[in-house]
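Treat the numbers as computed from the prediction; the structure is a model and nothing was measured. Throughout, a chain's letter reflects where its sequence line sits, starting with A, and its residues are numbered from 1.
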2 protein chains.
Amino acid sequence: MNPTNSSGLPLAEAKARFIHTWGVSGASWGVSKTLAQVHALLLVSPAALSTEDIMDQLKISRGNASMTVRELLDWGLIYKELRPGERREFFVAEKDMLQVTRCIIRARKRRELDQMKRSLDQLAALPGDAADPEYRAFHAVLADIQQLATVSDKMLTRLMQAEKSWFWDKFIKLFM
Amino acid sequence: MNPTNSSGLPLAEAKARFIHTWGVSGASWGVSKTLAQVHALLLVSPAALSTEDIMDQLKISRGNASMTVRELLDWGLIYKELRPGERREFFVAEKDMLQVTRCIIRARKRRELDQMKRSLDQLAALPGDAADPEYRAFHAVLADIQQLATVSDKMLTRLMQAEKSWFWDKFIKLFM
DNA sequence: CACAAGTTTCAATAATTATTGAAACTTGTG
DNA sequence: CACAAGTTTCAATAATTATTGAAACTTGTG
């Protein structure tokens with residue numbers, strides 16, 4: 001029952017599958033496959049990797065690796081690791097999944113929700129004939145969407161700020 | 001202060017802006033712009049529209065309109081309306097935003113979460129050398145992600161099944 | 001069952017988005 | 001300050017995804 005190295009898949013193969021899976025998942029929620037794959041690679045690498053390492057392992061170009069790494073730094077999903085006497089930069093992934101979740105929520109909220117809220121607010125501010133039933137129906141739809149957006153926003157903000165204890169304690173207990 | 005028809009933007013223009021906004025938002029969370037726009041058009045149309053109406057108003061081809069409408073029916077975001085003595089089909093949008101939210105959560109969960117869970121479960125089941133620290137680190141990452149996926153899954157399922165009263169009552173009060 | 005009034009499918013094409021790779025840039029060191 | 005060892009930028013291109021539009025299909029009716 002106890003799996004041994006000889007009976008198991010080589011670890012490298014398992015990691016490669018994980019990278020593939022994470023890449024597909026990433027693509028399905030709208031980030032580039034490469035971004036997700038670089039993130040996955042760093043998540044399963046105990047040691048920090050250089051740009052060169054990333055290029056080699058994922059077979060991507062230097063430019064792509066550079067841009068992707070920069071974007072992941074932006075999201076807060078990976079960190080630079082500087083080594084004395086080394087010119088190259090190394091990168092490690094944030095491994096705490098609560099932290100990772102926060103970063104992802106923050107980025108997606110910004111991209112998907114905040115922008116929409118701004119547009120809706122502008123739209124709702126437009127004047128119109130309040131006596132026209134068609135206009136009122138239109139505004140009712142707008143108001144409903146705005147309310148939903150506001151609630152989602154508050155909910156996500158709260159989730160992001162959640163302490164580990166609050167998150168796992170109150171929140172999970174509420175839902176499980 | 002009370003806006004009148006003459007001072008306001010024509011309603012059609014406001015609707016066009018809403019359709020544009022909803023299209024952009026849709027694209028940012030990974031559905032096609034057209035899908036989001038057809039949905040928006042039907043959301044702000046008090047009357048049911050035919051395929052022809054949709055084609056005209058959004059300037060899209062018959063094929064595109066047909067596919068898109070079918071997909072929206074699939075999501076549960078719009079309904080067919082049959083009129084006696086009419087060959088054409090008409091479509092109306094679900095206007096209750098709680099219902100709309102449920103449909104969107106269901107579709108996104110299926111696309112983004114369920115597929116990922118399946119892949120992770122497969123991956124976690126692979127045998128390996130439990131004594132190897134690298135292997136254990138890899139499995140720890142996997143287990144963390146699985147836990148997160150499971151919690152998210154339960155949370156979203158609960159949200160989807162929520163009664164209007166539960167949703168607006170308990171849930172919003174918790175977060176606002 | 002032939003036809004009219006529609007809908008659906010899908011191969012070709014257009015539009016969009018991601019990736020490459022070479023040139024420009026940066027930075028630390030002898 | 002020249003050079004080595006890197007990183008970043010960005011125009012060109014490749015890959016992907018969405019859209020068209022014409023042909024095939026469906027369905028109700030005289």
Side-chain angles (χ1 to χ4, degrees), chain A residues 19-20 22-42 48-75 78-92 107-108 111-112 115, chain B residues 19-20 22-42 48-75 78-92 107 111-112:
Chain A
I19 290 167
H20 176 257
W22 203 241
V24 171
S25 297
S28 88
W29 43 273
V31 306
S32 95
K33 192 182 45 139
T34 302
L35 187 91
Q37 287 186 325
V38 172
H39 184 221
L41 174 62
L42 289 170
L49 300 182
S50 69
T51 305
E52 201 90 22
D53 295 331
I54 294 169
M55 288 165 58
D56 287 355
Q57 295 205 37
L58 299 180
K59 309 246 198 315
I60 60 176
S61 71
R62 184 172 300 283
N64 197 359
S66 168
M67 300 284 264
T68 300
V69 153
R70 197 156 60 83
E71 196 175 345
L72 284 169
L73 287 167
D74 245 40
W75 284 52
I78 66 174
Y79 306 112
K80 266 188 195 172
E81 192 182 284
L82 297 171
R83 294 186 188 171
E86 274 272 27
R87 181 73 63 87
R88 288 176 299 170
E89 296 174 326
F90 291 79
F91 304 95
V92 253
R108 294 189 79 176
R111 223 171 37 126
E112 302 180 9
Q115 180 51 47
Chain B
I19 290 166
H20 176 257
W22 203 243
V24 171
S25 297
S28 87
W29 43 274
V31 305
S32 94
K33 192 182 44 138
T34 302
L35 187 91
Q37 286 186 326
V38 172
H39 184 221
L41 173 62
L42 289 171
L49 299 182
S50 69
T51 306
E52 201 90 19
D53 295 330
I54 295 169
M55 288 165 58
D56 288 353
Q57 295 205 36
L58 299 180
K59 308 248 197 312
I60 59 175
S61 71
R62 184 171 301 282
N64 197 0
S66 168
M67 300 285 263
T68 301
V69 155
R70 198 156 59 85
E71 196 174 347
L72 284 169
L73 287 168
D74 244 41
W75 284 52
I78 66 174
Y79 306 112
K80 268 188 193 171
E81 192 182 283
L82 297 171
R83 295 187 186 170
E86 274 272 28
R87 181 74 63 87
R88 288 176 297 172
E89 296 174 326
F90 291 80
F91 304 95
V92 252
R111 220 170 40 125
E112 302 180 9

How far does [atom1] of [X] sit from [atom2] of [Y], to the nearest 0.5 angstrom?
X	Y	atom1	atom2	result
A:I60	A:T34	CD1	OG1	5.5 Å
A:E89	A:R87	CD	CZ	11.0 Å
A:L35	A:L72	CG	CG	4.0 Å

Find the partner of [N]: check Watson-Crick (N1-N3 plus N6-O4 or O6-N4) and G-U wobble (N1-O2, O6-N3) distances, both under 3.5 Å, and reply none if neither fits.
N	value
D:dA4	C:dT27
C:dT9	D:dA22
C:dT16	D:dA15

What's the closest nucleotide to the side chain of [X] if the choices are [options]?
X	options	result
A:S61	C:dT19, D:dT9, D:dT19	C:dT19
A:S32	C:dT9, C:dA18, D:dT7	C:dA18
A:N64	D:dT9, C:dT20, D:dT19	C:dT20
A:M67	D:dG6, D:dT9, C:dG6	D:dT9

Would you classify [X] as touching base, sugar-phosphate or nothing, given that sugar-phosphate means primed atoms plus P, OP1 and OP2, and contacts are heavy atoms under 4.0 Å?
X	value
B:R62	base
B:E52	nothing
B:R87	base

[atom1] of [X] versus [atom2] of [N]: gap in Å, rounded?
X	N	atom1	atom2	value
A:I60	C:dA18	CD1	P	14 Å
A:L58	C:dA18	CG	P	17 Å
A:R83	D:dA5	CZ	P	18 Å
B:E86	D:dT29	CD	C1'	15 Å
B:K80	C:dT8	NZ	P	6 Å
A:I54	C:dT19	CD1	P	14 Å
B:D56	D:dT20	CG	C1'	16 Å
B:D74	C:dT8	CG	C1'	14 Å

Item to check | Any donor-acceptor pair under 3.5 Å from A:D53 side chain to A:S50 backbone | outcome: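 It does hold such a pair.
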Next on the checklist: Could you report the tightest heavy-atom contact between B:Q37 and B:I19, atom names first, then the distance?
Outcome noted: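 Heavy atoms only, the tightest pair is CG-O, 3.6 Å.
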Look at the side-chain N and O atoms of [X] and state whether any lies under 4.0 Å from the OP1 or OP2 oxygen of [N].
X	N	answer
B:R70	C:dT7	no
A:T34	C:dT19	yes
A:S66	D:dT7	no

Item to check | Any A:W75 side-chain heavy atom under 4.5 Å of A:V31 side chain | outcome: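 A:W75 vs A:V31: side chains touch.
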Next on the checklist: Reading DNA chain C from 5' onward, which residue's closest nucleotide shows up sooner: B:G63 or A:V31?
Outcome noted: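 By nearest-heavy-atom nucleotide position, the 5'-most residue is B:G63.
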